[in-house]
Amino acid sequence: MYRARDQVENEEWLATIDDAAERLDLGGEAKSRATDLFLSTVPVADRSKRATVAASLYAGALIAGDRRSQSAVADAVGVSRLTVQNRWKDLLEEAGLEPPKW
C-alpha cells in the first residue's frame, strides 16, 4: 500500500499516467488501477519512474479488462515496447498480485 505523501511526491508522474491514459482512451478503472500500481511500487530512482508508469498502465489496463498493446502503451509513455514487456509482470508481483502464466 502507499501513503498520501506518495501521491504528493509523485504528482508529476501521476500527471504522466493521466496524460497517457487519455491518449490510450483508457477507462477510469484502468487509470485508477494503474495509479494504484504505480504508487504501490514507485521506485526510488527518477530514471526508473517512466518505465514503472508504462508497466503500471499496461498492467492496470489488463486488470480492468481494458487491454492495450505493449507497443501502444510504450508509445503513449515514451519508452520502448521491450521496457513494458520486461517490467509489467515483476511490477504485479511486487504489488502482491499474481501475473498470468501465458
Side-chain angles (χ1 to χ4, degrees):
M1 233 30 241
Y2 56 89
R3 303 169 307 212
R5 178 178 168 186
D6 294 331
Q7 287 181 292
V8 173
E9 291 175 353
N10 291 290
E11 283 180 357
E12 172 189 351
W13 297 106
L14 296 177
T16 301
I17 289 174
D18 289 343
D19 292 343
E22 190 170 315
R23 282 193 292 279
L24 291 164
D25 195 31
L26 289 175
E29 183 183 353
K31 187 175 97 171
S32 177
R33 297 280 183 169
T35 298
D36 287 343
L37 284 169
F38 177 79
L39 290 172
S40 296
T41 61
V42 66
V44 175
D46 276 346
R47 69 184 194 140
S48 299
K49 290 183 180 179
R50 185 165 301 279
T52 303
V53 164
S56 297
L57 275 166
Y58 179 75
L62 200 63
I63 292 168
D66 200 1
R67 192 172 182 172
R68 298 295 186 273
S69 71
Q70 292 175 358
S71 295
V73 172
D75 289 345
V77 178
V79 299
S80 72
R81 184 198 56 79
L82 192 59
T83 297
V84 177
Q85 180 182 343
N86 289 337
R87 303 281 309 256
W88 75 274
K89 287 183 182 179
D90 292 339
L91 181 128
L92 284 177
E93 288 175 351
E94 188 177 334
L97 301 170
E98 187 173 325
K101 301 292 184 212
W102 38 263

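- Crowding of E22 atom CD: a count of heavy atoms from other residues, nucleotides or ligands under 6.0 Å not exceeding 12.
- At a threshold of 4.0 Å, the pair R87-D90 does not count as salt-bridged, since none of the basic side-chain nitrogens sits closer than that to a carboxylate oxygen.
- The heavy-atom pair separating T83 from A51 by the smallest distance is CG2-CB, 3.4 Å.
- Taking the charged nitrogens against the carboxylate oxygens, R33 and D36 have no contact shorter than 4.0 Å, which rules out a salt bridge.
- Shortest non-hydrogen contact noted between F38 and V53 is CE1-CG2, 3.7 Å.
- No side-chain heavy atom of W13 sits under 4.5 Å from any side-chain heavy atom of V42.
- In this structure, CD in E9 is found 6.5 Å from CZ in R3, a value given to the nearest 0.5 Å.
- Summarising the geometry, atom OG1 belonging to T41 is positioned 4.0 Å from atom CG belonging to L91; distances are rounded to the nearest 0.5 Å.
- Between the OG1 atom in T16 and the CZ atom in R50 there is a gap of 5.5 Å [rounded to 0.5 Å].
- Using a 4.5 Å heavy-atom threshold, the side chains of N10 and K49 count as touching.
- Interatomic distance, Y58 OH to L92 CG, rounded to the nearest 0.5 Å: 10.0 Å.
- Between A20 and L57, the closest heavy-atom pair is CB-CD1, 3.4 Å.
- Using a 4.5 Å cut-off on side-chain heavy atoms (C-beta onward), L39 and L14 make contact.
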